[in-house]
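Reading through the structure tokens given below for one structure.
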Amino acid sequence: MAKFQVPRGTFDILPKDSYKWEYIQNTFRKVAKRYQYQEIVTPIFETADLFERSVGDTSDIVQKEMYKFEDKKGRVFALRPEGTASVVRSYVENNLGVNGGITKLFYIGPMFRYDRPQAGRYRQFYQYGVEAIGSNHPYIDAEVIALQYSFLKELGLKGFVLEVNSVGCPTCSQAYSQALKDYFKPYLGELCPDCVVRFEKNPKRILDCKVPHCKAISKNAPTQLDYLDEDCKAHFEQVKTYLSDMEIPFTVNPHIVRGLDYYTRTAFEFINNNLGAQNAIGGGGRYDKLVEQVGGKDTPGIGFAAGIERLILSLENENLPMGEEPKPLYYWIAIGETARKHSVSIIAKLRQSGNSVDFDIEKESVKSQMKAADKSGAQFALIFGEDEFKKNTVIRKNLVTGDQEELSLQELKG
Ligand code: HAM
């Protein structure tokens, strides 16, 4: 029979790696809580029009990369390609902003994009991210960036840079769209068919095109920074000042084009240049119109998300630790039939009282059990034979030093 394989662009997280994932997720949870963000978990599928309306129906993510399907009743859903739209949907639906102030949320989970798989790019990938909804103050922009920055620092990562930009508000981005149209008009005959459509619908998306000739044409296109109105300019200046106050190094990259349509004002990316083509290890920005677009009140927001796979690649490149493979405290060695028989209830009680105990019922000889104990990485072997059974004791052998002592079973459990 033909063997089954994981779908292209997806992967299993095997036991030899799963502890790394646990470590990264737990470290992120810890850092997010330091900034007073609370975890939110949303479904991995939503109605497709949520993403079409928010991420944008001219974006590649919606047009080309969305896993869209009909359920048995003909309703159209999509596997989430990103987390922000779902979080904002939940914020509106559950009235999370009812008490005023800023609602600070974080999430961790799989996202799905039908893209061409390559190193660092998958069809199912894991993101961690945050969303801060309810304030347009530039301090919040810097705080959201600071959270990702301090998380990467906490992991010990060095080889990354932060690039920031402002993509303006709807008013100034209208002037910019016109400037782009004026710029691209003479090249209309040379642009790819997708970009010809983008030219009419949303010329900014041309800047995100991956076709080499379109990329070359875009190189000298005007940037949004030259078209910011006074308020957006002042906002961007303040974000930069707060970042400097927080001692977070950054460069301004006016060419940052995010692949999603909901951005206003601040947009940023964390780049690891050692990763090759897929070098973005996180990105985000402000979305001051998104809550309203999704059916809520006019409420500003900002957030970021980052891919765990690319983060693991980055940490591996720098030989950084990612937690430790879990090892048992005890390896139980039972010698002889009677001892084996009584081992079952003793091991159960030891585990019940919180100890991690490894035991292999299939191994009978002392030699094979000792070998397995060494291999398991346990701190101690617990040796239990006929004599120990009679005395209600066990021999505890330190597998590193070789020291051993006899303890009562009572002492061991305590
Ligand atoms: P994004 O830039 O599309 O933004 O994705 C964020 C991060 O997810 C990327 O920087 C990258 O690390 C990772 N990523 C994206 N696609 C893939 C893929 N195919 N394979 C592996 N990793 C990938 C967003 O998703 C926005 N929701 C971020 C945001 C939150 N903006 C505001 N709030």
Side-chain angles (χ1 to χ4, degrees), residues 7-11 24 28 32 37 40 42 46 50-51 54-56 59-62 64-67 79-91 103-133 140-141 143-145 147-148 151-152 157 160-165 167 208 210 256-272 275-291 293-294 300-315:
R8 192 164 131 75
T10 71
F11 55 88
I24 286 173
F28 177 66
Y37 283 70
I40 183 166
T42 61
E46 300 268 357
L50 171 68
F51 302 111
S54 55
V55 174
S59 68
D60 274 3
I61 292 177
V62 164
K64 300 181 180 168
E65 297 169 10
M66 212 153 69
Y67 281 93
L79 294 183
R80 61 181 183 192
E82 60 108 45
T84 312
S86 306
V87 171
V88 170
R89 192 262 314 131
S90 179
Y91 171 88
T103 306
K104 294 176 167 188
L105 305 164
F106 78 86
Y107 50 93
I108 305 173
M111 308 292 161
F112 306 85
R113 295 184 193 175
Y114 188 82
D115 205 342
R116 209 162 35 80
Q118 54 173 267
R121 188 162 75 194
Y122 310 95
R123 290 183 173 166
Q124 174 174 332
F125 58 98
Y126 280 75
Q127 275 188 347
Y128 61 90
V130 308
E131 311 296 345
I133 308 173
I140 299 301
D141 304 43
E143 193 188 81
V144 161
I145 292 171
L147 198 163
Q148 162 75 339
F151 172 57
L152 297 178
L157 200 67
F160 68 90
V161 291
L162 163 66
E163 297 183 348
V164 297
N165 190 20
V167 297
D208 199 23
K210 279 139 202 137
I256 289 182
V257 189
R258 304 281 298 135
L260 309 96
D261 280 349
Y262 48 62
Y263 291 110
T264 52
R265 293 191 164 172
T266 311
F268 59 92
E269 275 175 355
F270 283 83
I271 305 290
N272 181 347
L275 282 192
Q278 304 306 314
N279 62 2
I281 54 166
R286 190 162 266 295
Y287 44 81
D288 290 344
K289 295 291 151 203
L290 184 57
V291 176
Q293 269 167 20
V294 168
I302 177 160
F304 78 84
I308 296 186
E309 296 79 5
R310 291 184 197 176
L311 180 58
I312 290 180
L313 289 174
S314 307
L315 295 170

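Keep in mind that this is a model prediction, so the values were computed, not measured. Read the numbers this way: they start at 1 and go in the same order the structure lists the ligands and their atoms.
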What is the nearest protein non-hydrogen atom to atom 14 (N) of ligand 1, stated with its residue, atom name and distance?
F125 CE1, 3.5 Å
Could you tell me, atom by atom, which parts of ligand 1 come under 4.0 Å of a heavy atom of E82?
25 (O), 26 (C), 27 (N)
Quick one: which ligand 1 atoms are inside 4.0 Å of a heavy atom on T84?
26 (C), 27 (N), 29 (C), 30 (C), 31 (N), 32 (C), 33 (N)
Geometry only, no angles: is I281 polar-contacting ligand 1 at N/O separations under 3.5 Å?
no
Quick one: which ligand 1 atoms are inside 4.0 Å of a heavy atom on G307?
7 (C), 8 (O), 11 (C), 12 (O), 13 (C)
Nitrogen or oxygen atoms of R121 and ligand 1 under 3.5 Å apart:
no
Could you check whether any heavy atom of G282 sits closer than 4.0 Å to an atom of ligand 1, since that is the contact criterion I want to use?
yes
Can you tell me if Y262 contacts ligand 1 (heavy atom of the residue under 4.0 Å from the ligand)?
yes
Protein residue, atom and distance nearest to atom 7 (C) of ligand 1, heavy-atom basis:
A305 O, 3.6 Å
Looking at atom 19 (N) of ligand 1, what's its closest protein heavy atom, distance included?
Y122 O, 2.9 Å
Counting each atom of ligand 1 from 1 as listed, which ones have a heavy atom of Y263 under 4.0 Å away?
26 (C), 28 (C), 29 (C), 31 (N), 32 (C)
When you check the gap from the basic side-chain N to the acidic O, do E269 and R258 get nearer than 4.0 Å?
yes
Tell me: protein heavy atom nearest atom 32 (C) of ligand 1, and distance?
G303 O, 3.3 Å
Checking salt bridge (Lys or Arg N to Asp or Glu O under 4.0 Å) against D115, which of R123, R121, K64 comes through?
R121
For ligand 1, which atoms have a heavy atom of G120 less than 4.0 angstrom away?
20 (N), 21 (C), 22 (N)
Can the ring centroids of F304 and F270 be said to lie less than 6.0 angstrom from one another?
no
Whether Y287 lies under 4.0 Å from ligand 1, heavy atom
yes
For atom OH of Y114, is the number of surrounding heavy atoms from other residues, nucleotides or ligands below 6.0 Å larger than 12?
no
Applying a strict 4.0 Å limit to heavy atoms, is G285 in contact with ligand 1?
yes
Close approach of L260 to ligand 1, heavy atoms, under 4.0 angstrom:
yes
Check whether any heavy atom of G9 sits under 4.0 Å from an atom of ligand 1.
no
Does ligand 1 have any atom sitting under 4.0 Å from a heavy atom of R258?
yes
Considering the heavy atoms of Q127, write down every atom of ligand 1 situated less than 4.0 Å from one of them.
5 (O), 6 (C), 7 (C), 8 (O), 24 (C), 25 (O)
If you count the atoms of ligand 1 from 1 in the order shown, which ones are under 4.0 Å from a heavy atom of E131?
30 (C), 32 (C), 33 (N)
Ligand-side contact atoms (ligand 1) for residue partner G283, heavy atom cut-off under 4.0 Å
10 (O), 28 (C), 29 (C)
Backbone or side-chain N or O of A280 under 3.5 Å from ligand 1 N or O:
yes
Carboxylate-amine/guanidinium contact R265 D141, below 4.0 Å
no
